[in-house]
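Both ligands and their constituent atoms are indexed starting at 1 by order of listing. Computation of the quantities below employed the complete heavy-atom set of this structure, encompassing side-chain atoms and omitting hydrogens, waters and symmetry-equivalent molecules.
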Amino acid sequence: MELDISSLHPTKLYHHLIRTIVPRPIAWVSTVSSAGVLNLAPFSFFCGVGSRPPTLLFCPANRRDGTPKDSLANTLTRQEFVVNMVPYSLTQQMQLTASELPPEDSEFELAHLETAASVVVSVPRVRLSPVSFECRLLQHLPLGDGPGGANIVIGRIVHMHIDDAVLNSDGFADPELLDLVGRLGGTLYCRIRDRFDLGERP
Ligand SMILES: Cc1cc2nc3c(=O)[nH]c(=O)nc-3n(C[C@H](O)[C@H](O)[C@H](O)COP(=O)(O)O)c2cc1C
């Protein structure tokens, strides 16, 4: 199948993208609104960018009515956010936090999730998440106006939290202990349980 992107409806293209760019890690983004309400939402258009400067990005599309999602609005207001990684044990709660709540309601309460104070930024992290990246907004790149319009949010990582319980003997996080999930298309997710070691490059 060849897809002519210029004539493809954006919604159909979106479904092709999320079923082919797989598996995707999930950024569980905590933010705080200007009124002080805690917000939490998952974003799987997410990746690390580099270590100099320490950076990552996530991509909140505009809502169907063309307005920015709360995570983007809050990030632009406060200039800070935290990316929490999602272990298998928190997947149900993670999915709940994708609900579109009014800005005055918190997904932390909806999903009965505890917060923990961050070290550098004022936005709290998800207490049971094994890895959290505290970020300051480095750049917001709006790529498209109106409904579904894409945005790139680049954060400078200013502090990183790794739960001691997921560290192995070399001081780095162990994939087995992390047990993070990835997103496939639709409602399908995956765990990283089938691993292989390619060895040294020839
Ligand atoms: C696993 C998962 C991944 C998601 N990834 C994205 C994404 O990359 N970009 C996006 O705009 N919405 C994504 N969503 C939808 C948002 O989480 C959803 O629109 C949410 O209500 C946004 O919340 P907010 O308005 O509090 O920011 C995803 C949902 C789920 C369940």
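We find that Arg195 and Glu176 are joined by a salt bridge, their nearest charged nitrogen and carboxylate oxygen being less than 4.0 Å apart. A salt bridge links Glu100 with Arg63; the closest basic N to acidic carboxylate O contact falls under 4.0 Å.
Scanning all protein heavy atoms for the shortest distance to atom 27 (O) of ligand 1 gives Ser71 OG, 2.6 Å. Looking at atom 5 (N) of ligand 1, its nearest protein heavy atom turns out to be Ser44 N, 2.9 Å. In terms of protein heavy-atom proximity, atom 7 (C) of ligand 1 is closest to Phe43 CD2, 3.6 Å. With respect to atom 2 (C) of ligand 1, the closest heavy atom belonging to the protein is Arg183 NH1, 3.5 Å. Nearest non-hydrogen protein atom to atom 26 (O) of ligand 1 is Asn39 ND2, 2.9 Å. The shortest contact between atom 30 (C) of ligand 1 and any protein heavy atom is with Pro42 CG, 3.6 Å.
Remark: ligand 1 atoms within the under-4.0 Å shell around heavy atoms of Ser99 are 21 (O). Atoms of ligand 1 lying under 4.0 Å from any heavy atom of Cys59, numbered from 1 in the order shown and given with element: 7 (C), 8 (O), 9 (N), 10 (C), 11 (O). Of all atoms in ligand 1, numbered sequentially from 1 with element shown, those under 4.0 Å from a heavy atom of Tyr189 are 1 (C), 31 (C). Under a 4.0 Å criterion applied to the non-hydrogen atoms of Glu107, ligand 1 contributes the atoms 26 (O). Listed by number with element, the atoms of ligand 1 under 4.0 Å from a non-hydrogen atom of Arg63 are 25 (O). Atoms of ligand 1 found under 4.0 Å from any heavy atom of Ala61, numbered from 1 in the order shown, are 10 (C), 11 (O). Atoms of ligand 1 lying under 4.0 Å from any heavy atom of Pro60, numbered from 1 in the order shown and given with element: 11 (O). Close contacts of ligand 1 with Phe45, meaning ligand atoms under 4.0 Å from a residue heavy atom, involve 8 (O).
The backbone and the side chain of Asp70 each have at least one atom closer than 4.0 Å to an atom of ligand 1 (non-hydrogen atoms only). Here Lys69 has heavy atoms under 4.0 Å from ligand 1 in both its backbone and its side chain. Contacts between Gln95 and ligand 1 below 4.0 angstrom, taking non-hydrogen atoms only, are absent altogether.
Thr75 places a side-chain N or O within donor-acceptor distance of the main-chain N or O of Ser71, the cut-off being under 3.5 Å. The backbone N or O of Gln95 lies less than 3.5 Å from no partner atom in the side chain of Thr97, so there is not a single donor-acceptor pair.
For the pair Phe58 and ligand 1, no heavy-atom separation below 4.0 Å is found.
If you check each of Ser106, Ala73, Ala41 against atom 23 (O) of ligand 1, the one with the closest non-hydrogen atom is Ala41.
Pairs engaging residues 123-180 under the ring-ring contact (aromatic ring centres under 6.0 Å, His included) rule: none recorded [sequence neighbours left out].
Judged by distance alone, the side chains of Ser44 and Arg24 do bring a donor and an acceptor atom under 3.5 Å apart. For the residue pair Trp28 / Ser129, no side-chain donor-acceptor distance below 3.5 Å is found, with atom types taken as modelled. Neither side chain, Ser30 nor Asn39, offers a donor N or O lying under 3.5 Å from an acceptor on the other. Residues Ser122 and Glu80 have side chains that bring a donor and an acceptor to within less than 3.5 angstrom of each other. No hydrogens or angles considered: nothing links the side chains of Asn74 and Ser33 as a donor-acceptor pair under 3.5 Å.
Listed by chain and residue number, Arg127 satisfy the side chain to side chain donor-acceptor pair (under 3.5 Å) test with Glu114 (two or more places apart in sequence, or in another chain).
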Please walk me through it: do Phe58 and Val29 pass side chain to side chain contact (heavy atoms under 4.5 Å, CB included)?
CA-CA 9 Å; Phe58 73 98; Val29 178; 4.0 Å; yes
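Considering both main-chain and side-chain atoms, Leu40 never comes within under 3.5 Å of ligand 1 through any nitrogen or oxygen pair. Considering backbone and side-chain N/O atoms, Thr97 never comes within less than 3.5 Å of an N/O atom of ligand 1. On a distance-only criterion, Ala98 and ligand 1 share at least one N/O pair closer than 3.5 Å.
For CG of Asp65, the number of neighbouring non-hydrogen atoms (other residues, nucleotides, ligands) closer than 6.0 Å is greater than 12.
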